[in-house]
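Below is one structure; the comments refer to it alone.
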Amino acid sequence: MDEFDDNEIARLLRLKRYEQPPPGYFENFLHEFHRRQRDEMLRQPLWRICLERAHSLMLRLDVRSLASYPAAVAAVLVCAAVVSLKIYQQPETARVALQSPPTLSVPASAEGEWSLTSPVATQIFRTQPVRRFNESAQTHRAAAPPRYVLDSVPVSYESTFRF
Amino acid sequence: MDQPRVDPDQELVKRTQSGDAGAFDELVIKYTPRLYGLVYNMTSNHEDTNDLLQDIFAKAYRAIRGFRGKSSFYTWIHSIAVNMTLNFLKKRGRRFQLSLDDVDASIQNDKEFLESTATSSPVREADLSELQRRLNEAMMKLSDEHRAVVTMFHIQGMPHAEISKILRVSEGTVRSRLFYANRQLQNYLDEFRKNPVS
């Protein structure tokens, strides 16, 4: 039979099993593999190496239930670091601004409680140039009779400190 | 019904998963020659095969913690090898020129080689080296998927069922790919027999 049948093809293809790499290739393959693994590891960031080491240490100690803990602990630490950093970097003025509302609208109920015995409050309002003059005048004229406040001079000799 | 077989590599896999790198070395030593044959016959290039093999074992090492033993390690590592090689071949595309090594000169003195070719009338008539070169060319004309099946079945001697697991296709698909690939190889080699100088 002159044509190649399936068996003939199969027989020829089996000959390809004899095609081998250069001598010594398999002996050196493992060394090459280790070398590449080391190179790859050196390119990784330090934290990842530490995390992997911790993970494999836990596995080696057979603490399987704790195997996922390093990731969780790392995540918590990162969150804590971010939050504390934000708090630390927040400027003092920003905190003051948050504590007192940005506008100077005085509630109607508080209008009656406004007294000359609180010069500290008066000074704080003066530091915030958020109101226009006309607006201020209208509010005061409409709600109450004019009052006069002397800056930086206590209007009373009573102690302003409260404990 | 298939009986669940114990994976012969189970112990080495477990040791590797526990962080024993030496156990993985044993797996590398065990599977390198076999995977080399698989990848080499799909790529037809020694350098590419070497790089791919390194990548395959590196990937297997990174992924072995997730290996749950649903298949044997043998099937698992072969799946990684075939998929990575197919991806590589897709990227390489058609820019590859066949630089495939013809049959080693030494293999023509191999006893098993001579025995296997002595009874074959077409082979006897043709120059073995030339025929092998033609066969390699014919292999490279197959699609990557067909070549993978031919390599696993004819060269590596895997059963259809194992190939279907590795490729995650049905056994019918494996058989049909084999049939089609065999026809293509036959046509190409017959052409060579009729017109050996072409």
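The model shown is predicted, which means the values in this text are computed figures rather than measured ones. Lettering follows sequence order; numbering is per chain, from 1.
- The side-chain hydrogen bond (donor to acceptor under 3.5 Å, both in side chains) test applied to B:His154 returns B:Asn182, not counting sequence neighbours.
- Only the side chain of B:Leu135 comes within contact range of chain A, judged by heavy atoms closer than 4.5 Å.
- Interface remark: B:Asn50 contributes backbone and side-chain atoms alike to the contact with chain A (heavy atom separation under 4.5 Å).
- When B:Met139, B:Gln54, B:Arg183 are compared by the number of non-hydrogen pairs under 4.5 Å with chain A, B:Gln54 comes out ahead.
- Residue B:Arg15: no heavy atom, backbone or side chain, is found under 4.5 Å from chain A.
- Within the 4.5 angstrom heavy-atom criterion, atoms from both the backbone and the side chain of B:Phe57 approach chain A.
- Only the side chain of A:Phe26 comes within contact range of chain B, judged by heavy atoms closer than 4.5 Å.
- Of the residues considered (B:Pro33, B:Gly37, B:Gly157), B:Pro33 shows the highest number of contacts with chain A, using heavy-atom pairs under 4.5 Å.
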For a side-chain contact (heavy atoms from CB on, under 4.5 Å) check, start with the C-alpha distance between A:Arg14 and B:Ile155, then their side-chain angles and the critical distance, and finish with the verdict. CA-CA 5 Å; A:Arg14 275 200 295 275; B:Ile155 305 176; over 6 Å; no

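- Under the ring-ring contact (aromatic ring centres under 6.0 Å, His included) criterion, B:Phe73 pairs with B:Tyr31, B:Trp76, not counting sequence neighbours.
- If you measure heavy-atom distances from B:Ile29 to chain A, the contacts under 4.5 Å come from the side chain alone.
- Across B:Arg147 and B:Asn41, no two heavy atoms sit closer than the pair CD-O, 3.5 Å.
- Side-chain contact check for B:Ser170 and B:Thr173: at least one donor-acceptor pair (N or O, by modelled atom type) lies under 3.5 Å.
- Classification of A:Arg43 and A:Glu40 as a salt-bridged pair fails, no side-chain N sitting under 4.0 Å from a carboxylate O.
- Contacts of B:Phe24 with chain A are made by side-chain atoms alone, with heavy-atom separations under 4.5 Å and no backbone atom involved.
- B:Thr75 and B:His78 share no side-chain donor-acceptor pair at under 3.5 Å.
- At a 4.5 Å heavy-atom cutoff, the contact between B:Tyr61 and chain A is made by side-chain atoms alone.
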